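Worksheet for the structure shown next.
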Amino acid sequence: MGDPEYFAAANRISLAIAQIESREGLAIVDQILATPVDGIFLGPSDLSIALSNGARVDPTGRETTEALQHCVRLARAVGKFAGVYAPTGERAAALLEIGFTYVALGSDEWLMRAGAKAFLTKARAGLRQVPQVA
C-alpha cells in the first residue's frame, strides 16, 4: 500500500479530537471546531481549575457546567461530537443528559481500585465462612 492509499485508509479509521481544558480553548472553541477535527474532548476537573484561576477543583460547579453546555451546543451546531471525562457512572449519566455523545468513564486507577475492592470484599466474605481450626 503506497502513501496515498495508506493515508486514505488511516483517515477512515482515525479520529482527530481537540482537548479543551483552558479559558483560552473555551474562547476559541468555535474556531477549533472549524478545523478538520472530528470532535472535542473536555476534562471538567482541569477546566474548573482553569476557570477558577487555580483556586479550586469544581467539575460540577455552575461555571464549569455552563462551559460544558456551551461546548456541546457549538459542537452540535457544526455536526461534530463532544466528549467528556466522568469519574463515575452517575456523573456520566448527567453529562450524557447535557448532550455529550461520548464519555470516558473512570480512570485506570479508579477502575483498578474498584476491582480490587470487589475482590477483597468477596475474599473477606469467604474468610467468615471458613471453619475455625482449634
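Only a predicted model underlies this, so the values are computations on that prediction, with no experimental measurement involved.
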Minimum-distance pair of heavy atoms, taken over all atoms of [X] and [Y]:
X: Ile20; Y: Gly25; answer: CG2-C, 3.7 Å
X: Pro59; Y: Ser48; answer: N-OG, 3.8 Å
X: Glu21; Y: Gly43; answer: OE2-CA, 3.2 Å
X: Leu47; Y: Leu26; answer: CD1-CD1, 3.6 Å
X: Pro87; Y: Leu105; answer: C-CD1, 4.4 Å
X: Leu42; Y: Cys71; answer: CD2-SG, 3.6 Å

What pairs meet the salt bridge (Lys or Arg N to Asp or Glu O under 4.0 Å) rule with one or both residues in residues 86-112, with sequence neighbours excluded?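 Counting only pairs at least two positions apart or across chains, the salt bridge (Lys or Arg N to Asp or Glu O under 4.0 Å) contacts touching residues 86-112 are Glu109-Arg113.
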Candidate pair Phe81 and Phe100, rule ring pair (Phe, Tyr, Trp, His ring centres under 6.0 Å), full reasoning: CA-CA 7 Å; Phe81 67 82; Phe100 284 96; over 10 Å; no
Donor-acceptor contact present, side-chain [X] to main-chain [Y], <3.5 Å:
X: Thr64; Y: Thr60; value: no
X: Asp38; Y: Ala16; value: yes
X: Lys80; Y: Ile40; value: no

Transitive ILVMFWY side-chain link [X] to [Y], under 4.5 Å:
X: Val78; Y: Ile98; answer: yes
X: Val84; Y: Leu33; answer: yes
X: Leu74; Y: Leu96; answer: yes

Just verifying a value: how many Å separate [X] [atom1] and [Y] [atom2], rounded to the nearest 0.5 Å?
X: Arg73; Y: Asp30; atom1: CZ; atom2: CG; value: 13.0 Å
X: Ile32; Y: Glu24; atom1: CD1; atom2: CD; value: 10.5 Å
X: Arg124; Y: Lys117; atom1: CZ; atom2: NZ; value: 10.0 Å

Minimum side-chain heavy-atom gap [X]-[Y] below 4.5 Å:
X: Arg23; Y: Leu51; result: yes
X: Ser52; Y: Asp58; result: no
X: Ile17; Y: Val37; result: no
X: Ser107; Y: Tyr85; result: yes
X: His70; Y: Val29; result: yes

Would you confirm whether the ring centroid of Phe41 sits within less than 6.0 angstrom of the ring centroid of Tyr102?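 Under 6.0 Å, so yes.
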